[in-house]
2 protein chains.
Amino acid sequence: MPTSTFFNLNDSKRAKLLQAAEKEFARAPLPQASIANIVKLAGVSRGSFYQYFNGKEDAFYYLLKIHTDKRRAYFLKLLQEKDGDLMASMDQVFRTMLIELSEEEHLQFLKNAVLNVTHEIEDSFTELFLGKQPEVDAVNQVKDLVDFKKLNIDNKQEFFHVMQILTSVTFRNIVDQLSRNLSHEKAIENFRIEMDLLSKGLSKVKKQV
Amino acid sequence: MPTSTFFNLNDSKRAKLLQAAEKEFARAPLPQASIANIVKLAGVSRGSFYQYFNGKEDAFYYLLKIHTDKRRAYFLKLLQEKDGDLMASMDQVFRTMLIELSEEEHLQFLKNAVLNVTHEIEDSFTELFLGKQPEVDAVNQVKDLVDFKKLNIDNKQEFFHVMQILTSVTFRNIVDQLSRNLSHEKAIENFRIEMDLLSKGLSKVKKQV
DNA sequence: ATTGACTTATGACATCGTGTCACTTAATAT
DNA sequence: ATATTAAGTGACACGATGTCATAAGTCAAT
């Protein structure tokens, strides 16, 4: 997390910093991004940067958090609109992200993040759907919106794992689309196949209705 | 891939290089690992290193390939032993990796890889199960061993996606165990729950038997 | 044994990036 | 007005990367 000094800054300076950081992380993925470029873009000294952030990772994850927070709000809104239909909401989130990520410029930052996922980054995407792990409230926030009647689960603990599975698969589909440059149509088809498989189950065992 | 010069080296020198690289990548994850340390350990000059490898990434991914090739062979052997039972084989692979990764020293390299997954690294784990993408033969190699009667799929295309799903979920379970320091018991329980969910399906829809 | 063509090895070097620190400047409180 | 605290600065030490001119080794053909 950025320091209190950073949050004490006036809005325009803070915005300028973030804008500069996002631009640099859009230019190059985290390991290749340079603080020198960020401070040049933001017009502050190198020393200042270290007074605001712990290092470039700090700035990067903060930016990522801002982005995923936005998308989480969207996901929650979708769940409400779709009367708690989890699969339908995931589907919509996937489609929206495909479109967003294909819009040049703006989302290059996210592309770089997605194409250089570390487990921290994947975790942050998991938080998109589940909220921060330690706060169980966030899981509940989603759980309360989901219509369980449509899901094939016996107990509440399983719900957490359902979300884990859906997140992994959705996330990998997004990575795939970007790393293999799939067309939207192909990406959506792949995703649909996998979601169908997840819905109906991979094994041939009798299922209660 | 390493250069031909590297492969022309005599066995002992090649082994020494790889050993040195593995030791350094065990000490620190890819971004923090340094070529200086590798060449010091291997007792060669900096220039030589660049004659063998394109950079540290090159050495890293080559090492990773060696490791995953070994595990792929193990996976194929399991499939045969278990009469093509895919879920049972995945389960066994997961348990074996848990144990291997808990053995200190040796596997620190893999731990560092797993905890700093990039999509390239995850891809390389996917290859563990599916073989290299371009060579469809490799997918077939697995497909031929799998008992389809136990699986709930209609066509062969779906099989590829089944593998993708199983790989994502298995991989994330391994990352989880390492990054959250779960006990083996807890990790195995989580994995079992998710595999059960995958088997029986996430949604309440009638399934043909 | 000598030549010469080719392959392999070397380490100094230019370049760039990071994180720190002693110091200055600004803001705020007393 | 002065003291105290916060914010801002850029030179610097350190370490890493990739290159390159040059040296050393190998080996087949003469």
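Predicted model, so just to flag it, every value in this text is computed and none were measured. We name chains A, B, ... by the order of the sequence lines, and we start the count at 1 in each one.
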Contacts of type ring pair (Phe, Tyr, Trp, His ring centres under 6.0 Å), residue A/Y50, not counting sequence neighbours: none
Any B/S45 side-chain N or O less than 4.0 Å from OP1/OP2 of C/dA9: no
Length of the CD1-C1' vector between B/I35 and C/dG11, whole Å: 15 Å
Separation of D/dG8 P from A/R14 CZ (nearest whole Å): 12 Å
Exam field: side chain A/R95 to backbone A/I188, donor-acceptor pair closer than 3.5 Å: no
Given D/dG18, D/dT9, D/dA7, the nucleotide with the shortest approach to the side chain of A/T5: D/dA7
OP1 or OP2 of C/dT7 under 4.0 Å from side-chain N/O of B/N8: no
Distance-only criterion, 3.5 Å: show the donor-acceptor pairs between side-chain atoms of residues 76-86 of chain B and protein atoms not counting sequence neighbours.
| unit_1 | atom_1 | unit_2 | atom_2 | d |
| --- | --- | --- | --- | --- |
| B/D85 | OD1 | B/M87 | N | 3.3 |
| B/D85 | OD1 | B/A88 | N | 3.1 |

Gap between atoms CG and P, on B/N10 and C/dT7 respectively (whole Å): 18 Å
Options D/dG18, D/dA7, C/dT18, nucleotide nearest the side-chain atoms of A/S34: C/dT18
C/dA9 OP1/OP2 closer than 4.0 Å to side-chain N/O of B/K13: yes
Member of A/F129, A/F191, A/F75 meeting the ring pair (Phe, Tyr, Trp, His ring centres under 6.0 Å) criterion with A/F94: A/F191
Whether B/K56 side chain and B/L30 backbone form a donor-acceptor pair below 3.5 Å: yes
Atom pair CG/CD of A/L166 and A/E194 - distance to nearest 0.5 Å: 11.5 Å
For DNA chain C, the residues among residues 46-60 of chain A that have a non-hydrogen atom under 4.0 Å from it: A/R46, A/Y50, A/K56
Gap between atom CZ of B/F25 and atom CG of B/L18 - 0.5 Å precision: 10.5 Å
Distance, rounded to the nearest Å, where B/Q32 contributes CD and C/dT18 contributes C1': 12 Å
B/L30 CG - D/dA16 C1' separation (whole Å): 14 Å
Between C1' of D/dA16 and CD of B/E24, the distance in whole Å: 12 Å
Atom-pair distance (CD1 on A/I38; C1' on C/dT18), nearest Å: 12 Å
Nearest-angstrom distance from the residue atom CG of A/N37 to C1' of C/dG17: 10 Å
